[in-house]
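Below is one structure, written out as structure tokens; the observations come after it.
Within every chain, numbering begins at 1; the chains are lettered A, B, ... in the order of the sequence lines, protein sequences first and strands thereafter.
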Amino acid sequence: MGAPVTAGGKTRRGKGLSESQLGRVLVTPAVIVMCAVVFFPILATVWLSLHKYNLKYPYLGQPFVGLDNYVKILSDGRFLNSLKVTTLFTVSSVSVELVLGMAIALLLNRPFKGRGLVRTAVLVPWALTTVVMARMWAWIFNSEYGVFNAILYGLGFIDQYIPWVADTQFALWAAMGADIWKTTPFMALLLSAGLQTIPRELYEASMVDGASGWKQFWSITIPILKPTILVALLFRTLDAARVFDLLFVLTGGGPGFATESLSIYTYRSLFVNLDFGYGSALAVATFLYVMLISFIYIKVLGARTER
Amino acid sequence: MGTTYSGRDGSRHIRKEGITGFLIYLGVGLFVIFCLAPFLWIVSTSLKAPGQLHTKPPQIISWPPFWRNYVDVFRGRPFAQNIWNSVVVAGWATFLSLVVGSFAAYALARLKFKGRDLILSMVLAVSMFPGIAIVSPLYLSFSRLGLVNTKLALIFPYITFSMPLTIWTLTAFFRELPMELEEAAKVDGCTPVQAFTKVIIPLTAPGVFTCAILVFIFAWNEFLFARTFMNNASSYTVPVAMQLFEGVGDYTIPWGQIAAASVVVTLPLIILVLAFQKRIVAGLTAGAVKG
């Protein structure tokens with residue numbers, strides 16, 4: 001990942017700290033914060049996951065049970081369901097966002113007037129609080145008075161209003177729609193910034209050779225843009241795989257378990273069932289799932305995240 | 001992509017340009033509507049009385065506007081307090097994240113030192129980290145320390161989870177400054193510390209400001225930790241209050257008030273976006289694209 005290790009800083013004699021010492025001093029606060037809030041706690045989560053520990057039954061104590069919780073996970077249908085929901089949500093949302101985002105980025109790279117307005121428009125879905133957005137979509141998808149139903153009905157696509165977020169069949173798709181709305185503009189923004197770095201001469205040269213626009217797209221745009229695409233995809237995929245706010249507020253993981261993602265199942269296990277042992281094992285499973293995705297992107301696809 | 005038609009026939013050239021131009025504006029227009037329509041619908045909903053909400057098909061704009069939603073939002077619930085909580089938490093988190101992050105970013109961008117790669121890996125790991133994986137031990141620790149329902153319980157995690165954003169954005173900005181700056185400072189007899197505080201910091205004010213906006217928006221929007229560590233109504237931050245927003249003494253969902261509350265809490269974000277759109281875009285794309 002990182003740049004090759006360069007030998008430690010020059011140790012210059014003189015007043016004050018040397019370059020190398022100053023470097024280490026300056027990063028210390030950041031390291032402390034990250035260790036205190038992320039790296040030690042994840043070890044604590046692993047430790048908790050090896051215990052039976054339910055806050056509802058404090059008198060049972062906190063006996064060590066080894067890998068029992070993990071054995072239980074493997075045969076837990078609800079866990080497998082949440083794995084399926086998370087994967088389906090992630091793969092579907094992110095692929096639509098990529099294709100749509102790319103199309104919009106290509107469009108935005110054409111000359112037109114009113115860039116300020118477009119920039120503002122792009123940033124509205126990005127900046128909007130996910131919880132607020134989720135409640136907003138709940139109203140838009142409302143089964144009785146929702147404007148989404150009214151539009152589809154008006155255009156003749158549906159014969160009767162559909163309870164989008166309360167129907168097992170549609171709830172996850174409704175959530176994906178909301179996610180796509182929120183993140184596609186952002187994806188377009190990143191890709192469009194990448195497009196601007198491609199030298200115009202490349203296209204002009206290939207046009208002289210008679211290459212069509214479609215061919216140019218595959219032979220020039222995509223190869224040059226690949227690093228940007230991979231990084232954008234990596235972070236979008238991770239966000240989608242960690243999805244919590246949107247589903248928690250829009251559908252509450254329901255109806256039934258139809259939209260219960262890994263994060264939501266873990267949250268419920270921890271803070272509804274108060275099962276801190278099993279919940280922590282689910283948390284570790286979620287962690288491993290997310291790390292597996294990063295591994296695939298970085299090692300297999302070669303996403304370069306070093307800045 | 002080439003936008004000009006390279007045919008020799010001038011009139012066809014112009015006509016094709018005209019059609020392409022029209023299609024571009026059509027596409028861009030549709031995209032702007034796609035981005036803004038749902039929010040505009042909420043603005044319209046926020047001005048509807050209960051009776052105006054429950055019509056089939058819905059009215060696009062109801063007249064007269066029902067401004068009372070904006071008053072009722074603050075009645076019978078500590079909503080103003082919740083907004084203030086968010087301002088305080090996001091404000092402190094932003095300030096501290098920038099202090100801690102700018103030190104680290106400066107070191108990463110301009111200094112040679114051992115352990116640089118390790119730090120970069122740690123930052124990357126934090127950026128990929130699922131928050132849910134650490135809420136259980138954090139919750140137990142915060143309970144033990146009596147931090148549940150205090151702003152510190154949110155400020156610490158927000159500083160940490162904004163570290164990647166702060167460090168990457170600022171590192172990109174610090175790198176853009178010419179190296180000669182510190183050299184010149186050294187020639188003038190500055191120590192590395194003085195080079196940082198007297199030369200670099202003032203020059204990077206715009207970058208730091210951009211980063212501050214991004215961190216503030218992140219902290220303003222965060223939900224998982226806020227939902228977990230805040231459990232009484234007067235400690236909620238905005239996202240938690242919005243999730244739990246319900247009617248006062250009434251079991252129907254007050255959609256008009258929810259919409260009004262949404263507009264109220266989104267307004268600060270919209271103002272930031274309108275005022276600083278160019279900076280925000282520059283900050284967001286700085287890390288992702290290496291020119």
Side-chain angles (χ1 to χ4, degrees), chain A residues 2 5-6 8-9 16 19-20 22-24 26-27 29-30 33-34 37-38 41-42 44-45 48 104 107 110 112 119-121 123-125 127 129 131-132 135-136 139 145 147 150 185 190 193-194 197 203 207 228 231 238 242 244-245 249 263 266 270 276 280 283 286-287 290 294 305 307, chain B residues 1-3 24 27-28 31-32 35-36 39 41-42 54 57-58 100 103-104 106-107 111-114 117 119-120 122 124 126 128-130 132-134 136-138 156-157 159-160 163 168 171 191-193 217 221 223-224 239 242-243 255 258 262 266 269 273 277 281 285 287-289 291:
Chain A
V5 183
T6 40
E19 188 176 323
S20 171
L22 177 65
R24 264 170 280 159
L26 287 179
V27 295
V33 178
M34 290 190 291
V37 180
V38 170
I42 185 67
T45 307
L48 278 170
I104 294 166
L107 179 74
R110 302 270 182 152
F112 65 89
R119 229 177 355 235
T120 312
L123 291 176
V124 166
T129 312
V131 173
V132 170
R135 293 220 78 173
M136 180 179 105
W139 172 240
Y145 307 108
V147 67
L190 288 187
T197 64
Y203 293 115
M207 213 133 88
T228 309
V231 171
L238 291 176
R242 293 179 285 199
F244 179 78
D245 308 13
V249 178
S263 291
T266 307
L270 288 169
F276 270 54
S280 296
T286 309
F287 172 73
V290 169
S294 325
T305 47
R307 315 266 161 154
Chain B
M1 313 232 85
T3 51
I24 291 172
V28 170
F31 175 59
V32 169
C35 292
L36 296 181
F39 183 67
W41 184 248
I42 293 315
H54 302 139
V100 174
F103 289 169
Y106 177 75
L111 303 175
K112 287 181 189 143
F113 64 99
K114 265 188 197 154
D117 284 4
I119 310 291
L120 283 173
M122 285 172 85
L124 182 65
V126 170
M128 299 177 167
F129 208 87
I132 190 77
I134 50 164
S136 50
L138 282 185
F156 279 126
I159 297 173
T160 311
M163 268 303 110
W168 286 340
T171 305
T191 62
V193 177
I217 293 177
N221 288 345
F223 177 61
L224 173 61
M242 285 304 302
Q243 184 235 331
W255 289 111
I258 291 174
S262 301
T266 306
L269 299 177
V273 163
Q277 32 157 315
V281 171
T285 51
V289 184

Please name the pair of heavy atoms, one in [X] and one in [Y], separated by the smallest distance, quoted to 0.1 Å.
| X | Y | answer |
| --- | --- | --- |
| B:T285 | A:A193 | CG2-CB, 3.5 Å |
| A:L22 | B:V193 | CD1-CG2, 3.8 Å |
| B:V126 | A:M34 | CG2-SD, 3.6 Å |
| B:F103 | A:P29 | CD1-CG, 4.5 Å |
| B:I217 | A:A127 | CG2-O, 4.0 Å |
| A:L270 | B:S136 | CD2-CB, 3.6 Å |

Side chain to side chain contact (heavy atoms under 4.5 Å, CB included) for A:L26 and B:Y106? Distances and angles first, verdict last.
CA-CA 8 Å; A:L26 287 179; B:Y106 177 75; 3.5 Å; yes
Heavy-atom contact with chain B under 4.5 Å, split by part of [X]:
| X | result |
| --- | --- |
| A:I42 | both |
| A:L238 | side chain |
| A:V27 | both |

[X] versus [Y]: any side-chain heavy-atom pair under 4.5 Å?
| X | Y | value |
| --- | --- | --- |
| B:M128 | A:S294 | yes |
| A:L48 | B:P137 | yes |
| B:P58 | A:Y145 | no |
| A:T129 | B:F223 | no |

Chain A heavy atoms under 4.5 Å from B:M122: which part of the residue, side chain, backbone, both or neither?
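Both parts, heavy atoms under 4.5 Å.
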Checking B:I258 against chain A: side chain, backbone, both or neither under 4.5 Å from a heavy atom?
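For B:I258, the contact with chain A is made by the side chain alone.
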[X] side chain vs [Y] backbone, donor-acceptor pair below 3.5 Å:
| X | Y | result |
| --- | --- | --- |
| A:R242 | B:F129 | yes |
| B:Q243 | A:V249 | no |
| A:R24 | B:F113 | no |

Winner by heavy-atom pair count (cut-off under 4.5 Å) against chain A, out of [options]:
| options | answer |
| --- | --- |
| B:A133, B:G27, B:P57 | B:A133 |
| B:W41, B:W255, B:F39 | B:W255 |
| B:I42, B:V100, B:T160 | B:T160 |
| B:L269, B:T266, B:L224 | B:L224 |

Counting only heavy atoms from other residues, nucleotides and ligands, does the tally under 6.0 Å from CZ of B:F156 exceed 12?
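Counting other residues, nucleotides and ligands, CZ of B:F156 stays at 12 neighbours or fewer.
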